[in-house]
Structure formats: C-alpha cells, structure tokens
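To keep things clear, I will list the structure first and then write my remarks on it.
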Amino acid sequence: MIVERRIVIIGAGIGGICAAIRLSRAGYRDIVVVDRAERIGGTWRDNSYPGSGCDVPSHLYSFSFARNSDWSRKFVDQPEILDYLERCVDRFGIRPMLRLGTAVTSATYDTDRAVWDVGIEGGPSIEADVLIAATGQLNRPFVPEVPGLETFGGTTFHSARWQHHAALRGKDVAVIGNGASAVQFVPRIAPLARSLTVYQRSANWILPKPDRRFRRFERRLFKLVPPLEIAYRWSIYLRLESRFSAFLEDSWMTGLLEKVALGQLKKQIADPELRRTQRPDYRAGCKRILISNDYSAALDRPSSTVVTEAIDSVDADGITDATGVHRAADVIIFATGFRTTEFLSPIDIRGRDDLSLTGVWSEGARAHLGITVPGFPNLFILYGPNTNLGHNSIIFMIERQVTHLMAALAELDRRGATTVEVCRPVAEASDLDLQHHAEHTVWLGSCANWYKDESGRLTNNWPKSTVSYWRETRVLTPGDYEFSGTAGPPTR
Ligand code: NAP
C-alpha cells in the first residue's frame, strides 16, 4: 500500500532515470523528471567527444534490474551507453514522465504546507511532495580563466561540449588538461591534427585497458545463460572492489599499480625526456587512476608536444607559456574537468525556514550517506556529496541511494506521515565518521584532485568500500529520521 505523492526528479541522467524507474515500478504514478537539456542521458549525453567511453567494464555499467547481455565490448563507448539508457526509458515506460528542455532555477520548501515549490526558468513552478536532486557531480564544465582567451581568433570549446563540426584535420590543436577525458580523445585527434600540443599541469598514473570486442558466441551465451552473465558481472564487481585498498595509505596495492603503469609507459614512450614528463610525482590513486592503451603513444608522435610549463596567456593565434614560448593554435580544447564541489549549483535550494543549501554547505558539501541533509525535509540527493568512487561503478552507488530513499518513503507510508528529515546529530555523527575515514585515504595527500574542496575537506569521494556503503544504506533506521505530518489514506 502506498500513499500517492507528487515526486519531482531534477535530472534525467543515470540517477534520475534509475529513480523514476524504481519508483514507478513500486507503484508511484505522479512522477515528473525535469531536465534542462532536450535529451536524456546526463553525462553520457554531454560527453560525446571522440573516444568517449566508460572506464568501468560494461557488464557492471548497467542497472541491476536491467542488465545488458549484449554490450559490444569490454569497455563500451558513449553512444552505446546512451542508447542503453534510451532503451531503459522506453522499456520501463517512463518517457511520459520526462519534461525535457526545462531548467530548474530554484526549489523552495514551504514549511507550513510541507511542499517543495520547484522554480522553472521561463515557466510556472511545479509543486512536489518529494524532491529528488539527481544533477550529478560532473555536469558543469570548468574552464579556467586564461588571460587573453577572449582575443583568440580560432575555435575553442570544452570536451563536454564538443563541437563536432569544428575541423581538426590539418589544424594546430592545443589541448589544455590531460585527465580522464583527454586520455580518451587525444589518441583519436592526434593523427588528424597538423600539430597537437598538450598543456599538462601534472602527469597521471595510466594503467593498460584490458579492452576487446565480445565475440558473437560470447554475447549469445550471455543472453542464453543469464546466470553466466550474472556471475561475470559479480566477478567484475569483486575484482574492482578488491582494488579499494589502493586508495588507503601504505597499501601494497599502490606499489603494484605503479609498477604496471611505469612498465606500460616504458613500452609506449621511447623518448626518455618525454617519459620523464609522464611520470607522476605523487602516489597512485591520489588522482583518478586512468586506463588507456594508446594515450602515451599518441604523445610520442613527431607532431605531438607536451608542455609542462604553465600557460601565461592566449592571443589571437596561439598560446604563450610561462617561459615566453608561443605556440600556434587554430583550436583550443579545454579538457579541464568540472565544477565538482559546487553540488546542485546554480539551483537555489531553500529548506525549512528559508535555510539556504549553499549557506549550509559554505564550509564544504555534506549529506547523511550523501543523500539527506538536516533542515531539508523530503529532499533526497542522488550521487551527492561523498558518493563518488575511484574504483567501482557509480551505478552501484546510485542504486543504493534509490533503495534508501524508497525505504524512507515506505516508512512515511507506514506511519501515514508527510515529511521525513534526517536528525541533525545523526548527520553530524556520520559526517565525522566519514571525515575520519578520509584521513586514511591517499586523496587528502599532496596531489591536487577534484575530490576535495579548497579547504582540503573531502567532499566528493566515499572513503570506505562499496560493501560498507551497501551495509549502511541497506536498511533505513527509523530512529535516524524525524517523521511528521499526517498524510491521506493509501491510494493503492
Ligand atoms: P579531470 O580528470 O579532472 O582532468 C582535468 C584536467 O585539467 C587535469 O589534467 C587538470 O590538471 C587540468 N586542469 C584543471 N584546471 C586547470 C588549469 N587551471 N590549468 C591547467 N590545467 C588545468 O577532468 P575530466 O578529464 O573531464 O574528467 C573528470 C571526471 O569525469 C573524471 O575524473 C571521471 O570521474 C569522469 N570521467 C569518467 C570517464 C569514464 O570513463 N568513466 C571518462 C571521462 C571522465 P591537474 O591534474 O594538474 O589538476
């Protein structure tokens, strides 16, 4: 028996789609999924750059309730993931719930009426009893301020806003940044460009990518024998999970990964000077460990240059580095990542008594299990603070969060209440515990990474195993939450 509640989900990426499917399968009917873009897919819609793909093995990168036995390869490319998400939307009948091309600007909780007023750009607001924020951690591209950028005469874009019509063939192409996205597209564009210059601030640890196409009989076997596919999926999960210790200080695993990465570097780069620039000066794991079989080789081409000096300025026809060397560029591609610590921004979220979420998070974003925040009743965050991983699938985390929020709604129904809010002492204690665990990870080490904010607080990553996350989100402890209000009778 459920009480019908008006549910608004912000974001039609993996998190929003997962929540909409699970809630509608549970019987909730009044669900609206709002997304500012014209198409679903979130990060997999935005990141369409050449070579874009997932660095989590395909068979784990799907919902547990909609496994896909037909992935074409071990590490699947972006178009296939986007296609999978589109198929899920149709298969589970949630397309009528989508309201695309609709940007949410604010969400304000009316304490007296216990409803969320969701502000829409250029349109009437939507009322919700339950608000689910599924905007993700990687949706707002970050472009650094570079003096003179506005004077550049060529084409410039961010990797998450790839301009597919921009000509790269025979052009002088500059890439700023060398992270997870750059290692995927640099090998694709290096053979096209007349010259390719990668501006690198720090090197990355890069492991081989054990990728290949699945043979037709393997795909058929996975389809015909589901237990085989399930066992394969589990084996991937367990293999990835066993690597968690690499993110703890003093782990033997770190040394092993570094050895493998350096071995590949030696094989792919003949020039010792170039090889030196690609050797990280921090322990593996502090930044995301990358996987690629061809990035280092793409740098060791006669037409490629790696610049490790800082960028001084941009002028009409190129980039000048800090030593005064000017290099021509027709195209500048920013592969400089995302505004990762500004969760939910720029949506103005106001909770009980006009409490501003931005204000509450002024000293670093935090949420109980990454999902709920005291002072914000009936607000659930997916892929929120401290739920990113360096070693396993985010879909696993998102599914745990959806399970948890559904348990909260079930408890509301059971009590006939209207609002659920995490108790402040519970949220504070779980945050203390989380930051205590963070101290034992390599992420707080000397390297700069996007997992911590400017003050050095770990805001993005979950510092424990995913098994711990599963355990902590598995059951909802009613005593951890305050329930209030009186709901109408169950509707079905
Ligand atoms: P990223 O990995 O954070 O890389 C950003 C790059 O830009 C880094 O090389 C960084 O240098 C550089 N940079 C940042 N600010 C700069 C500045 N002011 N001047 C010069 N360089 C600057 O970003 P991303 O490649 O877009 O990837 C972001 C995240 O998306 C990844 O960590 C991953 O979680 C996700 N992703 C996943 C996949 C996948 O396969 N699943 C693929 C792509 C991306 P420093 O390293 O020195 O800071």
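Sequence positions, counted from 1, serve as the residue numbers for this chain. We count ligands from 1, going down the list as the structure has it; atoms in each ligand are counted the same way.
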Below 3.5 Å, N or O to N or O, backbone or side chain included: is there any such pair between [X] and ligand 1?
{"X": "A180", "result": "yes"}
{"X": "W44", "result": "no"}
{"X": "N388", "result": "no"}
{"X": "G53", "result": "yes"}
{"X": "N204", "result": "no"}
{"X": "Y49", "result": "no"}
{"X": "I176", "result": "no"}
{"X": "D55", "result": "yes"}

Options Q184, R201, Q200, ranked by nearest heavy atom to atom 48 (O) of ligand 1, top entry: R201
Mutual orientation of the aromatic rings belonging to H440 and H436 [parallel < 30°, tilted 30-60°, perpendicular > 60°]: perpendicular
Mutual orientation of the aromatic rings belonging to F244 and H391 [parallel < 30°, tilted 30-60°, perpendicular > 60°]: tilted
Part of L138 with heavy atoms under 4.0 Å of ligand 1, whether side chain, backbone, both or neither: side chain
Greater than 12 external heavy atoms within 6.0 Å of R99's CZ: no
Close approach of Y199 to ligand 1, heavy atoms, under 4.0 angstrom: no
Test of ring centre spacing under 6.0 Å for F338 and W450: no
Sole candidate of F214, F75, W234, Y84 that passes ring-ring contact (aromatic ring centres under 6.0 Å, His included) when paired with H59: F214
